[in-house]
Peer 1: 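Starting off with a structure, shown below.
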Amino acid sequence: MMRIHIFKACLLVVSSAVMLPSIAATPLTADINAGKTLANQGGGTTAPCMTCHGVNGEGMAVSNFPRLAGSSQYYLRKQLEDFRSAKRQQPLMQPMAAGLNDQQILDVSAYYASLPSTNLPEPTAVDPKAYAAGEQLAERGDIERQLVACANCHGPQGIGLPPAIPALIGQSSGYIAAQLNAWQQGQRKNDDGGLMAEVASNLTAEDIAAVAAYYSAVRQNEAKP
Ligand code: HEC
Ligand code: HEC
């Protein structure tokens, strides 16, 4: 059953990606420099993004503020629109997005998408057992429990599958766990087709801690912790 659902879900992701040209056809053109100014200085009622998301969009692990560098313009824009319309809810980020117009959302999404995605923050130390369990679930899934590998959608080591599927590599374990818990509890529900809600509903607390540890610490071509 799960596999069939996930298959349908993958089709949905693909079809939403195919619809991209209609978004690109809107009259607005992204201005990366204006996006950079907004990120560094803020505008109107919106605080500078860098105060929470870091000078280079690297995020702030201690506060669970996510990394933005490394995500696609499409994904960033979708999240900002979802926060603005309250489809995605979070008390700190919603007021920030509420102060942005369509042009500003486009500009700042283009700016963060233009930053190098290979510039990963230093990983924090994680429990090697949790890392190993997380690697197993993330890269290979669990056939007995009919859990698909996260890598099927998020790519090997969570490098992401642009435009619709975000990178997980380099996000903090606190942020990843918070998002999975939010889906499980029905607080985050802005994913097209309920893909992540279904994935999260099948995870135990141990699974969540394990995949969060893995994605926060995995680095390509580097030794395991
Ligand atoms: C006061 C702190 C704060 C400021 C300032 C702020 N953000 Fe955020 N942002 C957050 C938090 C916290 C989250 C995580 C929300 C959650 O847990 O769902 C977030 C999430 C996001 C996300 C979703 C990332 C993802 O991987 O899903 C995007 C995109 C984003 N912010 C963009 C921006 C931009 C662009 C600005 C500036 C215009 C900005 N933020 C300013 C706190 C902030
Ligand atoms: C069927 C495809 C699919 C599978 C399998 C999948 N994901 Fe996702 N995931 C998505 C999509 C699509 C999104 C973006 C949702 C949105 O647009 O808000 C996402 C978003 C996320 C996010 C939020 C990232 C952010 O920056 O806010 C996390 C965390 C996440 N997934 C973790 C996982 C983990 C862990 C697994 C494996 C246990 C997994 N996903 C398996 C499709 C999938």
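Every number for a ligand or one of its atoms is a count from 1 in the order of the listing.
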Peer 1: Could you check whether Y214 and E139, counting side-chain N and O atoms only, form a donor-acceptor pair closer than 3.5 Å?
Peer 2: yes
Peer 1: Is atom CD of Q185 surrounded by more than 12 heavy atoms (other residues, nucleotides or ligands) closer than 6.0 Å?
Peer 2: yes
Peer 1: Please answer: with hydrophobic residues joined when any side-chain heavy atoms are less than 4.5 Å apart, are Y75 and L195 in the same cluster?
Peer 2: no
Peer 1: Quick one: does Y131's side chain get under 4.5 Å of V218's, heavy atoms only?
Peer 2: yes
Peer 1: Output yes when the distance from some N or O of ligand 1 to some N or O of R67 is under 3.5 Å, and no in every other case.
Peer 2: no
Peer 1: Counting backbone and side chain alike, does H53 bring an N/O/S atom below 2.8 Å of atom 8 (Fe) of ligand 1?
Peer 2: yes
Peer 1: What's the shortest distance from atom 12 (C) of ligand 1 to any protein heavy atom, and which residue and atom give it?
Peer 2: F65 CD2, 3.3 Å
Peer 1: So which heavy atom in the protein is nearest atom 22 (C) of ligand 1, and how far is it from that ligand atom?
Peer 2: F83 CE1, 3.7 Å
Peer 1: Atom 20 (C) of ligand 2: which of M196, Q79, R188 has the nearest heavy atom?
Peer 2: M196
Peer 1: Has E58 got a side-chain atom pairing as donor or acceptor with N56's backbone, closer than 3.5 angstrom?
Peer 2: yes
Peer 1: Minimum heavy-atom separation for L115 to G57, with atom names?
Peer 2: CD1-N, 4.3 Å
Peer 1: Between D82 and ligand 2, find which residue part has any heavy-atom pair under 4.0 Å and reply side chain, backbone, both or neither.
Peer 2: neither
Peer 1: May I ask you to check whether M96 brings an N, O or S atom to under 2.8 Å from atom 8 (Fe) of ligand 1?
Peer 2: no
Peer 1: Where is the tightest heavy-atom contact between P95 and Q90, given as atom of each residue plus distance?
Peer 2: CD-O, 4.3 Å
Peer 1: Between W183 (side chain only) and R188 (backbone N and O only), is there a donor and an acceptor less than 3.5 Å apart?
Peer 2: yes
Peer 1: If you measure from atom 36 (C) of ligand 2 to every heavy atom of C150, A149, A167, which option wins on shortest distance?
Peer 2: C150
Peer 1: Please compare D207, V211, D191 and report which has the shortest non-hydrogen distance to atom 15 (C) of ligand 2.
Peer 2: D191
Peer 1: Indicate yes or no for a side-chain donor-acceptor contact from H53 to the backbone of R67 under 3.5 Å, with no hydrogens or angles considered.
Peer 2: no
Peer 1: Hey, which atoms in ligand 2 end up nearer than 4.0 Å to a heavy atom of V148?
Peer 2: 5 (C)
Peer 1: What atoms of ligand 1 come within less than 4.0 Å of a heavy atom belonging to V108?
Peer 2: 35 (C)
Peer 1: Could you tell me the separation between the OG atom of S71 and the CG atom of L168, rounded to the nearest 0.5 Å?
Peer 2: 9.0 Å
Peer 1: Starting from atom 33 (C) of ligand 1, what is the nearest protein heavy atom, named by residue and atom, and what distance separates them?
Peer 2: M93 CE, 3.2 Å
Peer 1: For T46, counting its heavy atoms only, list the atoms of ligand 1 lying under 4.0 Å from any of them.
Peer 2: 38 (C)
Peer 1: For residues I169 and M196: do they belong to one hydrophobic cluster (side chain heavy atoms under 4.5 Å, members Ile, Leu, Val, Met, Phe, Trp, Tyr)?
Peer 2: yes
Peer 1: Please could you name the atoms of ligand 1 that T51 approaches to less than 4.0 Å, counting only its heavy atoms?
Peer 2: 5 (C)
Peer 1: At less than 4.0 angstrom from any non-hydrogen atom of R88, what atoms of ligand 1 do you find?
Peer 2: 15 (C), 16 (C), 18 (O), 23 (C), 25 (C), 27 (O)
Peer 1: Taking the minimum heavy-atom distance to atom 13 (C) of ligand 2, which of P166, G141, A210 ranks first?
Peer 2: P166
Peer 1: Ignoring hydrogens and geometry, is there a side-chain-to-backbone donor-acceptor pair from D82 to Q79 under 3.5 Å?
Peer 2: no
Peer 1: Is it true that Y112 and M60 fall in one hydrophobic cluster, defined by side-chain heavy atoms closer than 4.5 Å?
Peer 2: no
Peer 1: Suppose I only count heavy atoms of P48 and a 4.0 Å limit; which atoms of ligand 1 are within that range?
Peer 2: 5 (C)
Peer 1: Does the distance from a Lys or Arg side-chain N to an Asp or Glu carboxylate O, for R84 and D102, drop under 4.0 Å?
Peer 2: yes
Peer 1: Between C49 and ligand 1, which part of the residue brings a heavy atom under 4.0 Å of the ligand: side chain, backbone, both or neither?
Peer 2: both
Peer 1: Check D191 with K78, please: is the shortest side-chain N to carboxylate O separation under 4.0 Å?
Peer 2: no
Peer 1: Is a donor from one side chain sitting under 3.5 angstrom from an acceptor on the other, for Q146 and N202?
Peer 2: no
Peer 1: Check whether the side chains of Q73 and R77 place a donor and an acceptor atom closer than 3.5 Å, and report yes or no.
Peer 2: no
Peer 1: Give the residue and atom name of whichever protein heavy atom lies nearest to atom 17 (O) of ligand 1, and the separation in Å to one decimal.
Peer 2: Q179 NE2, 3.0 Å
Peer 1: Could you check atom 3 (C) of ligand 1 against the protein and tell me its nearest heavy-atom contact, residue, atom and distance included?
Peer 2: C52 SG, 2.7 Å
Peer 1: Could you tell me which atoms of ligand 2, counted from 1 in the order shown, lie closer than 4.0 angstrom to a heavy atom of K78?
Peer 2: 16 (C), 17 (O), 18 (O)
Peer 1: If we only count N/O pairs under 3.5 Å, is N64 in contact with ligand 1?
Peer 2: no
Peer 1: Around atom 16 (C) of ligand 1, find the nearest protein heavy atom and jot down its residue, atom name and distance.
Peer 2: Q90 CG, 3.3 Å
Peer 1: Among protein heavy atoms, which lies nearest atom 28 (C) of ligand 1, and at what distance?
Peer 2: L68 CD2, 3.5 Å
Peer 1: Tell me whether atom 8 (Fe) of ligand 2 has H154 as a neighbour, meaning an N, O or S atom of it below 2.8 Å.
Peer 2: yes
Peer 1: Considering distance alone, does some N or O of Y215 sit under 3.5 Å from an N or O of ligand 2?
Peer 2: no
Peer 1: Based purely on interatomic distance, does Y75 place a nitrogen or oxygen under 3.5 Å from a nitrogen or oxygen of ligand 2?
Peer 2: yes
Peer 1: Would you call N152 a ligand 2 contact, heavy-atom distance under 4.0 Å?
Peer 2: no
Peer 1: Atoms of ligand 2 less than 4.0 Å from L195 heavy atoms?
Peer 2: 12 (C)
Peer 1: Determine whether a donor-acceptor pair (N or O, by modelled atom type, separation under 3.5 Å) exists between the side chain of D127 and the backbone of K129.
Peer 2: yes
Peer 1: Looking at atom 25 (C) of ligand 1, what's its closest protein heavy atom, distance included?
Peer 2: Y175 OH, 3.3 Å
Peer 1: Taking 4.0 angstrom as the limit and counting only heavy atoms of W183, give me the atoms of ligand 2 inside it, by number and element.
Peer 2: 20 (C), 21 (C), 22 (C), 23 (C), 28 (C)
